[in-house]
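Below, chain A is the first sequence line, B the second, and so on; all start at residue 1.
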Amino acid sequence: MRLSRGFIPTIKETPSEAQIASHRLMLRAGLVRQTSAGIYAWLPTGLRVLRRIEQIVREEQDAAGAQELLMPTIQSAELWRESGRYDDYGAEMLRIVDRHSRDMLYGPTNEEMITDLVRQSVKSYRDMPLNLYHIQWKFRDEVRPRFGVMRGREFLMKDGYSFDTDREGAVLAYRKMMLAYMRTFQRMGLKAIPMVADTGPIGGDLSHEFIILAPTGESQVFYDGDFEAIDWIGSTFDYAKTEDMERFFQTMTSYYAATDEKHDTAKWAEVPAVRRREGRGIEVGHIFYFGTKYTKAMNVTVTGSDGKPFHPEMGSYGIGVSRLVGGIIEASHDDAGIIWPDSIAPFAAAILNLKKGDATCDRVCEQLYAALGADALYDDRDERPGVKFNDADLMGHPWQIIVGPRGAAAGKVELKRRAGGERSEVTPEEALARVRATR
RNA sequence: CGGGGCGUGGCGCAGCCUGGUAGCGCGCCUGUUUUGGGUACAGGAGGUCGUGGGUUCGAGUCCCGCCGCCCCGACCA
């Protein structure tokens, strides 16, 4: 993308409504614009980030054996009346009446719909286990939306649902998802800590929420710092082996981790002081095992190996995709702006042409841009260097390839790493190689 | 839902108390200048003052209603 042609409206001044770092930076870097309370338009750069997060989620879900589908945002009230949640859900559910006076709603979640879909087509125990997910917009009419996309009313969520023949199978599905989540968050450069959670209105008796530390978090969290060091991506746990999932689950739950409402001071005291981590946390994922709650309520039965009908066991698994954009920025920024992790940066590198119109600078920049293609943001604007430096820092590209007249004449460019600030004089080829190595 | 606040050009704000020709900074456009961390100068464009009603000779300013948005708290992926 050529910045001179891109719709990337950065702003110099801090918008008055934004109180937290991620919200401020998302507005200033031109990622989003608010259109109503808690509702945001995603501008090209913001959408790129959202897509990259989605893609990581998708790859890890697929690797864990889940299948992607896509359910609608608008649902009929009928299904919700069947599960009993149409009345239970309360004012948070956005209710809509269509032209035929039918009660509809904008889905806050999809348990009922997926259960209905499975009910229509799954008739035998042979059709399970089944794990289905989609990445779709949700709407929850929060009383008080705030913190930008972290507490929006409309948000993008990955929600998945597992169906198994028995509790044992459901627990296995739960553990697989847990590992998939650890890998997903690690790939985004996040240290997400699973904590035992209340099951809330979704119901069930086994639940973990995945929490990342952020000063604006909604709850106080406590956990064993040794947990952070575990490399889930490099681990050898195999989804296909039940004993691996068992071992994984034991490893994971052997560390202390709790939110304030579940905090156990006695157990906390057993954690060595140097390993105790404490702070505010925001929830970026939540998984539930809820047994036959919905399959019973909605009368889903399949035939077992003994020829008798039974209710499948369910679990549900959510990741707040749009919230993660804010969460990642909260976890990775400085005074100058965003510091994108390589895996989700909208552009791998920015090419800064410090002297547009200088034949050598222009030529070197064009060559770099041609080589990196769509993964580069070429700042070809007729602006002063300071403006470009500041915008590049603000937008947080992992790399800045700085092309000035002096260096360019000598066949060199300056490569700057946004995260640590290190700079080095290298040839354009070397700069390309180093940028590619981290993407 | 309880409490508080704000709607004036794209952004940030002043003007309102005490009614009388709508202003400042930034941004934007043109030109000159500058060229490695938001340059300087000159000229220019851009506003139904959220909205409806009322008071008044006259309303951004006073009064009433409505709408929108933000902040604190309780609640939430």
Side-chain angles (χ1 to χ4, degrees), chain A residues 9-20 23-24 27-28 30 33-39 57 89-93 107-111 135-160 181 192 197-202 207-212 217-219 259 261 281-288 316-327 335-337 352-358 361 379 381-394 400 402-408 413-414 416 421 423 425:
Chain A
T10 59
I11 43 185
K12 201 148 108 178
E13 290 170 74
T14 302
S16 61
E17 75 270 20
Q19 298 297 308
I20 66 167
H23 189 195
R24 256 191 330 261
L27 292 169
R28 289 193 53 212
R33 286 293 183 265
Q34 183 178 124
T35 63
S36 302
I39 302 179
V57 168
Y89 219 94
E92 269 200 10
M93 185 153 72
T109 178
N110 287 66
E111 278 85 2
I135 300 173
Q136 178 63 290
W137 292 93
K138 304 290 187 290
F139 196 94
R140 293 185 191 174
D141 200 357
E142 296 280 345
V143 205
R144 192 187 156 209
R146 65 182 120 175
F147 303 149
V149 300
M150 303 241 286
R151 274 291 291 284
R153 293 194 294 171
E154 187 187 53
F155 58 96
L156 186 60
M157 176 166 137
K158 186 286 293 188
D159 46 319
Y181 276 33
D198 282 326
T199 51
I202 294 185
S207 174
H208 283 83
E209 47 191 2
F210 294 76
I211 289 182
I212 60 175
E218 47 219 13
S219 53
T259 56
E261 68 259 29
I282 47 176
E283 183 180 342
V284 291
H286 203 154
I287 61 179
F288 303 86
S316 85
Y317 316 92
I319 291 180
V321 174
S322 50
R323 169 179 284 191
L324 274 167
V325 180
D335 290 344
L352 308 192
N353 187 340
L354 295 193
K355 190 162 186 176
K356 186 155 191 282
D358 178 277
C361 283
D379 191 345
R381 294 175 300 174
D382 189 15
E383 285 287 354
R384 292 184 50 87
V387 175
K388 299 191 177 189
F389 289 136
N390 282 314
D391 272 348
D393 286 350
L394 172 63
Q400 293 170 20
I402 301 161
V403 182
R406 283 198 302 273
V413 298
E414 184 177 325
K416 177 184 166 186
R423 302 151 179 270
E425 289 265 311

Handout entry: Nearest-Å distance once atom C1' is located in both B:A22 and B:A14
Key = 11 Å
Problem - Partner set under side chain to side chain contact (heavy atoms under 4.5 Å, CB included) for A:V143, not counting sequence neighbours - result: none
Practice task
Considering just the side-chain nitrogens and oxygens of A:Q19, establish if one lies under 4.0 Å of OP1 or OP2 belonging to B:C72.
Solution key: no
Handout entry: Counterpart residues, ring-ring contact (aromatic ring centres under 6.0 Å, His included), relative to A:Y317 (two or more places apart)
Key = none
Exercise for the section: Return the value, rounded to whole Å, for the distance between atom CE of A:M157 and atom P of B:C76. Expected result: 15 Å
Problem - Minimum heavy-atom distance between A:L394 and A:I11, given as atom pair plus value - result: CD2-O, 4.3 Å
Problem - Heavy-atom closest pair, residues A:Y181 and A:I287 - result: CE2-CG2, 3.6 Å
Practice task
Return the set of residues passing side chain to side chain donor-acceptor pair (under 3.5 Å) with A:R24 (not counting sequence neighbours), or none when no residue passes.
Solution key: none
Exercise for the section: Could you state the atom-to-atom distance from OH of A:Y89 to P of B:C75 in whole Å? Expected result: 17 Å
Exercise for the section: In whole angstrom, give me the gap between the P atoms of B:G10 and B:G4. Expected result: 32 Å
Practice task
Check whether any side-chain N or O of A:R153 sits under 4.0 Å from OP1 or OP2 of B:C75, and answer yes or no.
Solution key: no
Handout entry: Close side-chain approach of A:S36 and A:E154, heavy atoms under 4.5 Å
Key = no
Exercise for the section: Mind checking A:G326 for me? I need base, sugar-phosphate or nothing, with any heavy atom below 4.0 Å counting as a touch. Expected result: nothing
Exercise for the section: Using the P atom on both, measure B:G5 against B:G23 and round to a whole Å. Expected result: 30 Å
Fill in the blank from the handout: ring-ring contact (aromatic ring centres under 6.0 Å, His included) filter on A:F389, not counting sequence neighbours, yields none
Handout entry: N/O donor-acceptor pair, side chain A:R146 with base B:C72, under 3.5 angstrom
Key = no
Problem - Length of the CZ-P vector between A:R24 and B:C11, whole Å - result: 18 Å
Handout entry: Annotated protein contacts, base or backbone, on nucleotides 27-40 of chain B with a non-hydrogen cut-off under 4.0 Å, one of B, S, - each
Key = S------BSBBBB-
Practice task
Write down the distance between CD (A:Q34) and P (B:C11), rounded to a whole number of angstrom.
Solution key: 12 Å
Practice task
Would you tell me if any nitrogen or oxygen in the side chain of A:R323 comes within less than 4.0 Å of OP1 or OP2 on B:C76?
Solution key: no
Exercise for the section: May I ask which nucleotide in the shown strands pairs with B:G60, Watson-Crick or G-U wobble, both distances under 3.5 Å? Expected result: none
Exercise for the section: Please give the nucleotide sitting opposite B:G31 as a Watson-Crick or G-U wobble pair, both distances under 3.5 Å, or none. Expected result: B:C41
Problem - C1' spacing across the pair B:U39 / B:C26, given as an integer number of angstrom - result: 15 Å
Exercise for the section: Verify salt bridge (charged side-chain N to carboxylate O under 4.0 Å, His left out) between A:E414 and A:R423, making sure each step is shown before the conclusion. Expected result: CA-CA 7 Å; A:E414 184 177 325; A:R423 302 151 179 270; 2.6 Å; yes
Exercise for the section: Considering only atom P, compute the distance from B:C66 to B:C71 and round it to an integer number of Å. Expected result: 23 Å
Handout entry: Distance, P atom - from B:C11 to B:G47, rounded to whole angstrom
Key = 14 Å
Fill in the blank from the handout: From CZ of A:R144 across to C1' of B:G73 the rounded distance in Å is 8 Å
Handout entry: Whole-Å P distance, B:C24 and B:G43
Key = 13 Å
Problem - Mate of B:C66 where both pairing distances stay under 3.5 Å, Watson-Crick or G-U - result: B:G50
Exercise for the section: Tell me whether the centres of the aromatic rings in A:F210 and A:H208 are closer together than 6.0 Å. Expected result: no
Handout entry: Atom P, compared across B:C16 and B:U61: separation rounded to whole Å
Key = 12 Å
Handout entry: Counter-base of B:G10, judged by Watson-Crick or G-U geometry with both distances under 3.5 Å
Key = B:C26
Every protein N/O within reach of nucleotides 44-46 of chain B N/O, cut-off under 3.5 Å:
none

Problem - Of A:T14 and A:I319, the one whose closest RNA chain B nucleotide lies more 5' - result: A:T14
Fill in the blank from the handout: CZ of A:R28 to CG of A:D391, rounded to nearest 0.5 Å, is 8.5 Å
Practice task
State whether a side-chain donor-acceptor pair under 3.5 Å links A:N110 with A:Q136.
Solution key: no
Handout entry: Polar side-chain contact A:R151-B:C76 base: donor and acceptor under 3.5 Å
Key = yes
Problem - Residue A:S36, side-chain atoms from C-beta onward, closest of B:C69, B:A74, B:C72 - result: B:C69
